[in-house]
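These notes are about the structure you will find just below.
Note that the numbering runs from 1 along the sequence shown for the chain.
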Amino acid sequence: MAKRGVEEVVVVALEEKGGAMAVVVEEKEQKEENENEKEEEEAHPYAFHVSGPRNVAKPNWRDLINSSWKDTNYKRSVIACFIQAVYLLELDRQENRTVETALAPKWWMTFKYKLTQTLTDERDGSIFGAVLEWDQSAALADFVLIRPSGAPKAVLVLRGTLLKGPTIRRDIEDDLRFLAWESLKGSVRFKGALEALRTVAERYGSSNVCIAGHSLGAGFALQVGKSLAKEGIFVDAHLFNPPSISIAMSLRNIGEKAGFAWKRLKSMLPSSSEPQADCDEEIKDNSLKSWLGNIYGDKTSMGLKQWVPHLYVNNSDYICCHYTDPEGTTEENEANKENTSPTNGQVAAKLFVMSKGKQKFLEAHGLEQWWSDDLDLQLAINKSKLISRQLKSLDSLPASQVTKRQR
């Protein structure tokens, strides 16, 4: 009986040992599975080390002497990475990624920034924008004692259309809104982006703030930045593949050409001397206003002309390629004098054009091209007909806003 009892104890011990071994094996298998998942996540095509920039260094102690942010190519590449992060924030949300497996953070953490606010569409809960701010704690860990010169304290970044189930409906609605009306002010996203930009501009100062967007997000960024510029708040703006096609613009062009044709026709018809005198008087009056404006300055628009957004377009991208169209013929310019942007050597926008010959649309419209190693950009015409149209409202202010500014 005693021996049998011992055998029973041994059997129980073996069973317990086997159970322990089973637990160990299970834990090992789980660990291997987690490692495989980690490797799979690291190999994700949108992972920073897979599709991110190759020759864009993260901030280091050398930036204390010569900041990388002073390099326009570096700045463009990093800001494009920030926009990519917003796309991935929404993808991470849709795919229920955890903090450990999320793809987005690397796209800002690498450059010593942190996420301080996400902009969410209240209609579907999707993330369409984010506010990233300089992370001094992370910078100190790499011996970057101060924020490099030229690096913004805060960046508001806005994504474009994401053709995924949970958000595609609202994205397309805003695309159609721009297509029909050439305006995004009716969207809830416009209001959210404007409030976020105004908040960080008031907190850090407009000279330390940047707004950026891609595609539809660039359309929002342009109109939000322009709205603040009307208030005398000028932030740095970087717009990648901004939309340039709209039914409203096409109809307006037709109307303007018809109006110009009618003016030409009227000039050929016999007319009395009185209307001609009125016309001459109007020309003199405009010349006088222009002369006085040059001497005393135009108080309603002088400050507004300081806002100069940066536009990055690809000639093969039919969504944004119309920004490269020149202001038009001499006749068209005469017909649209009141709509053109300020002259006197002032720049309406900085337009950077990339042309690699004929490209497929997805490649030409993609965000990844703007941090690629073989990027060949040219600073094109300072003004185009479309840029003038987009920024013409900055040339004058309603009387109420002028009074407010003068106070």
Side-chain angles (χ1 to χ4, degrees), residues 79 83 119 128-129 152 154-158 160 174-175 177-202 205-207 209-246 248-249 252 298 300-313 320 322-323 327 336 338-343 346-352 382-402 404-405:
I79 291 176
I83 300 173
L119 277 61
F128 68 90
V155 185
L156 171 62
V157 277
L158 305 168
D174 284 331
D175 287 325
R177 187 190 305 275
F178 183 87
L179 181 64
W181 305 111
E182 200 178 344
S183 175
L184 295 165
K185 290 185 177 180
S187 172
V188 296
R189 296 183 180 183
F190 178 89
K191 180 181 178 182
L194 182 60
E195 289 177 353
L197 186 61
R198 181 181 284 111
T199 298
V200 292
E202 291 175 351
S206 58
S207 61
V209 173
C210 172
I211 185 172
H214 172 250
S215 190
L216 176 62
F220 275 109
L222 176 61
Q223 296 190 9
V224 168
K226 186 168 67 172
S227 293
L228 280 192
K230 289 180 180 180
E231 301 175 15
I233 303 173
F234 312 107
V235 298
D236 194 18
H238 295 264
L239 317 172
F240 299 85
N241 301 89
S244 62
I245 301 174
S246 77
M249 183 182 70
R252 196 178 303 166
D298 185 353
T300 64
S301 61
M302 239 177 108
L304 296 174
K305 296 174 185 176
Q306 298 175 14
W307 192 59
V308 182
H310 300 71
L311 280 67
Y312 305 92
V313 304
C320 68
H322 294 286
Y323 275 102
E327 280 198 313
N336 292 303
E338 70 277 11
N339 291 335
T340 56
S341 55
T343 53
Q346 303 237 2
V347 180
K350 289 185 178 180
L351 181 65
F352 297 90
N382 293 333
K383 293 183 296 181
S384 72
K385 187 174 183 179
L386 184 55
I387 291 175
S388 298
R389 189 187 305 281
Q390 292 281 14
L391 302 180
K392 69 179 181 181
S393 60
L394 295 182
D395 296 341
S396 61
L397 281 176
S400 60
Q401 293 188 22
V402 174
K404 183 179 178 181
R405 279 179 54 81

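- Interatomic distance, S206 OG to R198 CZ, rounded to the nearest 0.5 Å: 12.5 Å.
- When all heavy atoms of S244 and F178 are compared, the closest pair comes out as N-CE2, 4.4 Å.
- Proximity of F352 to L311: side-chain heavy atoms (C-beta onward) are nowhere separated by under 4.5 Å.
- Side-chain atoms of L222 and P242, non-hydrogen and from C-beta on, never get closer than 4.5 Å to each other.
- In this structure, E202 CD and L197 CG are separated by 10.0 Å, a value rounded to the nearest 0.5 Å.
- In this structure, H310 contributes its side chain and K350 its backbone to no donor-acceptor pair below 3.5 Å.
- Annotation: side chain of C210 is in contact with side chain of I79 (closest heavy-atom distance under 4.5 Å).
- Listed by chain and residue number, K75, H238 satisfy the side-chain hydrogen bond (donor to acceptor under 3.5 Å, both in side chains) test with D236 (two or more places apart in sequence, or in another chain).
- Listed here is the closest heavy atom pair of A229 and F234: O-CE2, 3.7 Å.
- Ring geometry, F220 versus F128: the interplanar angle falls from 30° to 60°, so the pair is classed tilted.
- The shortest side-chain heavy-atom distance between E231 and L228 falls under the 4.5 Å cut-off.
- With rounding to the nearest 0.5 angstrom, the OG atom of S227 is 14.0 Å from the NZ atom of K191.
- With contacts defined as side-chain heavy-atom distances shorter than 4.5 Å, the pair V313/N241 does not qualify.
- V235 pairs in a side-chain contact (heavy atoms from CB on, under 4.5 Å) with only one of the listed residues (I211, L156, V155), which is I211.
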Next on the checklist: I'd like to know whether R177 forms a side chain to side chain contact (heavy atoms under 4.5 Å, CB included) with S183, so could you lay out the CA-CA distance, the side-chain angles of the two residues, the decisive distance to 0.1 Å, and finally the verdict.
Outcome noted: CA-CA 7 Å; R177 187 190 305 275; S183 175; over 6 Å; no
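- With sequence neighbours excluded, no residue forms a ring-ring contact (aromatic ring centres under 6.0 Å, His included) with F190.
- Between atom CG of residue L239 and atom CD of residue Q223 there is a gap of 10.5 Å, rounded to the nearest 0.5 Å.
- A heavy-atom distance below 4.5 Å is found between the side chains of L216 and L184.
- Nearest heavy atoms, L158 versus A221: CD1-N, 3.8 Å.
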Checklist entry - What's the verdict on side chain to side chain contact (heavy atoms under 4.5 Å, CB included) for I83 and F240, showing C-alpha distance, side-chain angles and the deciding distance? => result CA-CA 10 Å; I83 300 173; F240 299 85; 3.5 Å; yes
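- The heavy-atom pair separating P243 from S215 by the smallest distance is CD-O, 3.1 Å.
- The side-chain hydrogen bond (donor to acceptor under 3.5 Å, both in side chains) test applied to S187 returns D174, not counting sequence neighbours.
- Contact detail for Y323 and L351: the closest heavy-atom pair is O-CD2, 3.4 Å.
- Shortest non-hydrogen contact noted between K185 and K230 is NZ-NZ, 4.1 Å.
- Applying the salt bridge (Lys or Arg N to Asp or Glu O under 4.0 Å) test to every pair with at least one member in residues 214-224, sequence neighbours left out, gives no pairs at all.
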